[in-house]
Amino acid sequence: MLEQGIISPRQAMELMVTTIIATIILFVPNFTAREALQDAWISVVIATLAGIMLAFLVTTLGMRFPNQTMIQYSQDLLGKFLGKGIGLLYIWFYLHINAIIIREFGEFMKTAFMPDTPLIVFTVTIVLLAAFAVRGGLEVIARMNEWLLLLFLFTFIIISFLALGEIDLNNFKPVAEHNLLPLLRGAFAPTSWMGEIVAITMVIPYINQPGKSRRYGVGAVILVGLLLLLSIFTSVGVLGAPSTAKFQFPLLEMVRLINIAEFIERIDALVMVTWVAGVYIKISVFFYVAVLAISQWTQIQDYKPVTFPVGVILTAFSLLIFENTVELADFLSQTFPSYALYLFEGGIPLLLLITALITGKRGEKN
Amino acid sequence: MLKHFYKRIKRYMVPLNKGPGEKSYLKNESSFLPTKNLQERVKQIKDTFAPSDDLIIRDITFGSELQINGTLIYIDGLVDKSILNNSILRPLLIESREVKPSKGYTRENIYRRLHREILTTNEIEETNQISLVIDKILTGETALIIEGQEQMMIFGDTRGWKDREIIDPENETVLRGPREGFTESFRDNTALIRRRIKDPRLFFDSMKIGKITRTEVSLVYIKGLANDKIVKEARQRLQRIDIDGILESAYLEEFIEDCPWSLFPQIEHTERPDKAAAALLEGRIIIITDNTPITLIIPITFFQFMQAAEDYYDRPFIGATLLRWLRLFAVNVSLIFPAFYVAITTFHQEMIPGPLLISLAATREGVPFPLVVEVLGLEFSFEVLREAGVKLPRPLGQALSIVGALILGDAAIRAGLVSPAIVIVVAMTAITSFVIPAFSMGYALRLLRFPLALLGASLGLYGVMLGLLGILIHVTSLRSFGVPYLAPLAPRHLEDAKDIFIRLPHRLIQKRPWIARSYDLIRREPVDMDKKPDPGKKG
């Protein structure tokens with residue numbers, strides 16, 4: 001096997017939680033509030049339900065083939081030619097999504113904190129660091145995440161606590177003013193983010209109890225849903241729906257309002273630091289998954305030599321993919337959800353699962 | 001050019017095809033053939049030792065009517081003369097004269113007779129291998145060679161040389177706890193452990209390492225508690241060592257650790273027998289090396305370096321737990337405080353409250369250097385001062401700290417070369433770095449402070465975080481004999497965390513730590529836990 005390490009289902013769950021939560025709480029409140037305004041929280045509930053279904057779908061598929069990744073069993077299910085084609089599509093997806101994340105990260109750092117620093121500095125440093133983690137293997141990423149997720153959640157919950165006093169419940173009124181359509185449109189973006197759980201199909205063979213992956217996969221989505229709900233609740237509650245829809249990073253604006261005893265103020269830089277940790281894990285996970293997919297697709301014995309070339313591709317890709325921040329935000333809110341959701345997060349896994357159910361194929365159990 | 005270096009490096013990396021412990025002085029075995037001739041035997045040994053003046057060769061003749069020639073060989077200074085005189089020479093030369101040959105003494109059974117009826121020493125060994133005899137002589141034992149016999153006698157009792165006394169371990173002092181430390185004597189050290197653990201399962205697995213020094217190294221563990229796989233792995237790694245000499249356990253440490261290039265120590269060392277015994281009781285393994293008081297403990301994790309022996313002798317919650325948090329805090333401060341300060345004052349001034357920012361800016365008025373130069377320069381000069389303080393003899397060290405810290409520091413501020421705020425930052429990091437109980441860990445963190453400060457100066461808090469993440473990647477991928485370095489935090493194991501962030505009372509610690517991979521996890525049965533002293537009985 002390519003990967004020697006073994007992780008526990010709990011580690012896999014935590015990995016997925018960080019992977020999804022790292023960018024969802026920063027970007028999605030704005031997207032959702034734009035569509036659903038003060039009812040954004042209802043959209044999140046809808047999105048979480050949809051996300052649970054997606055998690056159910058991909059883990060069911062993965063547990064049918066507990067010793068293989070999606071790249072491998074898609075060939076068993078659809079034949080060599082079609083299977084390889086699907087593998088190639090996923091390699092593209094993982095590279096593409098990672099390039100977008102890296103760009104998001106760079107743009108965020110640039111616009112919010114260090115406007116004079118060129119984008120490439122952030123891109124290169126984070127990709128280089130992620131490459132080292134990927135070379136360390138799945139175990140190293142999972143262990144780092146156990147630590148960083150705690151830090152991330154701790155910071156996030158502390159901020160939310162500090163913001164609780166500022167919440168004005170009138171901001172949520174009137175409840176369900178519009179009909180269902182805007183709510184569903186608002187749920188679109190968060191669902192596509194939660195669909196990133198599809199990356200677990202690459203990790204399942206390295207979980208020591210693959211049978212538990214469905215429970216923990218769904219658990220990851222639920223946890224993300226709750227945290228996103230908290231994030232939306234505080235940002236809409238504190239800033240109000242119109243401002244949440246206006247600010248690109250509502251959570252950040254909220255943090256900037258925090259002031260304790262006239263001494264601890266403007267702690268957004270500290271929050272940024274923990275956020276960097278979360279995004280770093282996210283980038284490493286997709287990086288790892290892409291590298292693993294490429295080496296399984298080309299059937300090479302060791303994935304480590306692939307790491308740095310893929311890193312170079314990711315860096316260049318992320319720099320060239322968009323012209324500017326507006327284009328990025330536009331793509332994320334308009335194109336990305338349907339692109340990711342219909343094809344990679346829902347469509348292909350569903351297709352594979354149906355094929356597996358019809359042909360009755362399943363992987364060996366050990 | 002690079003190729004040249006590569007070749008040179010490669011020469012060090014490729015192990016030589018020689019078994020460890022090969023004795024170069026025995027190269028031509030033919031000259032060491034077994035012989036019954038006394039003169040020839042003595043010559044063999046004499047030649048091996050070259051003309052060395054501490055090799056004593058004493059010819060004797062003993063027995064009453066059966067006059068037997070023999071030779072005693074030992075090394076002056078390594079033997080206890082009184083034992084040699086009273087228990088070997090005296091019985092041989094005086095008491096053996098009164099033995100009648102009619103009692104069945106013949107030249108053939110002379111050894112059995114000497115053994116059983118004449119000599120009054122305990123450890124006696126017989127062999128016809130000259131290499132073994134030479135080894136034993138070198139460790140302070142005495143050899144007796146007898147004319148007409150192929151077998152030679154070795155007296156183990158005569159070992160005895162000047163030892164240091166067992167004193168307070170200077171580098172690991174405690175307020176409460178035993179005052180004994182390991183010494184340079186191998187036997188004393190094993191006895192110090194045996195005295196604490198009176199259990200027949202305590203096992204000393206000794207071997208000789210070092211082709212020239214032939215240093216005694218012992219793997220100590222409790223059978224049934226220690227994990228056999230780790231014991232086996234440790235023994236293999238020790239046996240694989242190919243080196244001419246071991247002068248300190250650090251030599252071993254470098255050879256057997258999992259990642260020799262890492263900054264972080266992966267093996268803990270101690271000079272406290274109580275700490276070693278505690279490690280054994282948790283199912284760990286310790287390695288005792290002859291001629292050094294420093295023993296090694298394996299396997300370990302990062303957080304063990306934050307623990308001191310005293311933690312287990314203090315009051316659990318108030319004393320030990322508080323101290324542990326204090327240490328963890330101090331570690332963080334000593335690692336990131338300079339970087340944090342540089343990053344915030346250079347990039348994120350908005351985080352500093354207004355009044356503080358103004359006073360900070362006021363202190364920097366007139367200082368000619370950029371902030372990072374100031375911090376790095378002062379950190380560097382502090383490290384130099386510290387090193388000078390360690391190397392100087394103690395009386396001079398006082399003078400150094402006065403000149404270095406008081407005069408130099410004060411003058412630098414008065415001259416406007418550095419700002420007082422920076423002095424506070426550097427002094428804080430210096431003090432906090434001394435709180436870490438294990439100085440090998442302290443070195444690693446002190447070194448990492450410099451790159452972190454540079455990153456903080458160039459990329460702000462983002463740079464500091466990058467540096468910390470880089471360290472984290474390395475530390476999470478480290479292992480100590482198969483045990484993840486950051487356990488029990490990553491991978492998380494809550495059962496063990498109770499002895500990391502808090503120190504539970506002993507009555508609540510029912511299991512051995514999972515990280516030691518002990519075979520027998522149960523430390524005590526929980527049954528008698530709630531038994532309180534009967535309040536009815538009043539003394």
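All of these numbers come straight from a predicted model, not from anything done at the bench.
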Using a cut-off of 6.0 Å, state whether more than 12 heavy atoms not belonging to A:Lys110 lie near its atom NZ. yes

Shortest non-hydrogen contact from A:Leu129 to B:Gly470? CD1-CA, 3.9 Å

Below 30° counts as parallel, above 60° as perpendicular, anything between as tilted: where do the rings of B:Tyr462 and A:Phe105 land? tilted

Out of curiosity, A:Tyr280 OH to B:Ile473 CD1, how far, rounded to the nearest 0.5 Å? 3.0 Å

Tell me, side chain or backbone of B:Phe340 under 4.5 Å from chain A's heavy atoms, or both, or neither? side chain

For the residue pair A:Glu146 and B:Leu489, establish whether any side-chain heavy-atom pair is separated by less than 4.5 Å. no

Can you find a pair of side-chain heavy atoms, one from A:Val273 and one from B:Leu468, that are under 4.5 Å apart? no

Residue selection (most heavy-atom pairs with chain B, distance under 4.5 Å) from A:Ile7, A:Leu128, A:Leu270, A:Ile141: A:Leu270

Do other residues, nucleotides or ligands put more than 12 heavy atoms under 6.0 Å from the CD atom of B:Glu365? no

Minimal heavy-atom distance between B:Leu459 and A:Met114, with the atoms involved, is O-CE, 3.2 Å

Which distance, rounded to the nearest 0.5 Å, do you find between the CE of A:Met144 and the OG1 of B:Thr476? 5.0 Å

Out of A:Arg143, A:Glu139, A:Arg10, which one pairs with B:Pro491 under the side-chain contact (heavy atoms from CB on, under 4.5 Å) rule? A:Arg143

Residue A:Lys304 excluded, over 12 heavy atoms near NZ under 6.0 Å: yes

Side-chain contact test, heavy atoms from C-beta onward, threshold under 4.5 Å: evaluate it for A:Phe132 versus B:Leu469 and give yes or no. no

Between B:Leu466 and A:Phe122, is any pair of side-chain heavy atoms under 4.5 Å apart? no

B:Asp311: which residues meet the salt bridge (charged side-chain N to carboxylate O under 4.0 Å, His left out) condition with it, sequence neighbours left out? B:Arg324, B:Arg327

B:Phe329 atom CZ, neighbour heavy-atom count above 12 within 6.0 Å: no

